[in-house]
Amino acid sequence: MNLYLLRHGIAALRNDADNESDSDRPLTPKGIKRMRKAAKGLRRMGIPFDSILTSPLVRARQTAEIFAQTLSLSDHLEEISALAPGNSVSDLWSSITPYKDREHLLLVGHEPFLSAALGYLLTHDEKRSIPVVFKKGGLCRIEIDALPPNEPGILHWLLTPKQLRALGGPAG
């Protein structure tokens, strides 16, 4: 199975008067534009995603919707609370185990949770961290043996947001 971890795009500031709580912060216009370009880059890669799972927070949900629409997978988009900040990697495995028969699973979430999940996937140790930080809009691909993983996975690539947008082709 291939897991793809995607961090949400640029969101409104926490202290913006329109945002009553952190969970309500939407993508900024710049964030939306960049995520559309990044989604086009991912589409050009031709990955046959089986499902897209997203955190319920507005900024992650908007990011996932942009990718789902661009990839023509809107009917494959689902929200899972285990991708919201504050959950454990164990919570994530419990929540996504029903997707164990999928070959390509895209997870849209937040930092520092995505780095913690990546660390676990690469070391198979919840207490060991990997010094990786996902920039907003960053994406990686990890190959794992099963859900939940029985052994460390293999990191195939980690794309910065700029690299992913560049795959989308020239601006226009």
Side chain to side chain, [X] and [Y], heavy atoms closer than 4.5 Å:
{"X": "S51", "Y": "L105", "answer": "yes"}
{"X": "F67", "Y": "L77", "answer": "no"}
{"X": "L92", "Y": "L83", "answer": "yes"}
{"X": "L3", "Y": "I144", "answer": "yes"}

* **Residue pairs fulfilling side-chain hydrogen bond (donor to acceptor under 3.5 Å, both in side chains) with at least one residue in residues 64-74, sequence neighbours excluded** =>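 Applying side-chain hydrogen bond (donor to acceptor under 3.5 Å, both in side chains) to every pair that reaches into residues 64-74, excluding sequence neighbours, yields R61-E65.
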* **Sole residue of Q62, K33, K136 in side-chain contact (heavy atoms from CB on, under 4.5 Å) with L27** =>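 Exactly one option meets the side-chain contact (heavy atoms from CB on, under 4.5 Å) with L27, and it is Q62.
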Atom pair [atom1] ([X]) and [atom2] ([Y]), whose distance is rounded to the nearest 0.5 Å:
{"X": "M35", "Y": "T28", "atom1": "CE", "atom2": "OG1", "answer": "9.5 Å"}
{"X": "R7", "Y": "E111", "atom1": "CZ", "atom2": "CD", "answer": "5.5 Å"}
{"X": "R36", "Y": "I66", "atom1": "CZ", "atom2": "CD1", "answer": "5.5 Å"}
{"X": "I96", "Y": "E78", "atom1": "CD1", "atom2": "CD", "answer": "12.0 Å"}
{"X": "L6", "Y": "L53", "atom1": "CG", "atom2": "CG", "answer": "12.0 Å"}

* **Where at least one partner belongs to residues 102-125, residue pairs that pass ring-ring contact (aromatic ring centres under 6.0 Å, His included), sequence neighbours excluded** =>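 Found Y4-H104, H8-H110, W93-Y120, Y120-H124.
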Backbone N/O of [Y] and side chain of [X]: donor-acceptor pair under 3.5 Å:
{"X": "R44", "Y": "L167", "answer": "yes"}
{"X": "N150", "Y": "D145", "answer": "no"}
{"X": "R59", "Y": "D22", "answer": "yes"}
{"X": "R25", "Y": "A12", "answer": "yes"}

Write down the atom of [X], the atom of [Y], and the distance for their closest heavy-atom approach.
{"X": "S95", "Y": "P98", "result": "O-CD, 3.4 Å"}
{"X": "P149", "Y": "L121", "result": "CG-CD2, 3.7 Å"}
{"X": "A84", "Y": "P56", "result": "CB-CD, 4.0 Å"}
{"X": "L164", "Y": "G137", "result": "CD2-O, 3.9 Å"}
{"X": "A64", "Y": "V108", "result": "CB-CG2, 3.9 Å"}
{"X": "V58", "Y": "P26", "result": "CG1-CA, 3.7 Å"}

* **D91 versus S88, side-chain donor and acceptor atoms under 3.5 Å** =>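 Yes - a donor-acceptor pair under 3.5 Å links their side chains.
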Any chain of hydrophobic side-chain contacts (each under 4.5 Å) joining [X] to [Y]?
{"X": "L107", "Y": "I47", "value": "no"}
{"X": "L122", "Y": "L147", "value": "yes"}
{"X": "L5", "Y": "L73", "value": "no"}
{"X": "M45", "Y": "I52", "value": "yes"}
{"X": "I10", "Y": "L139", "value": "no"}

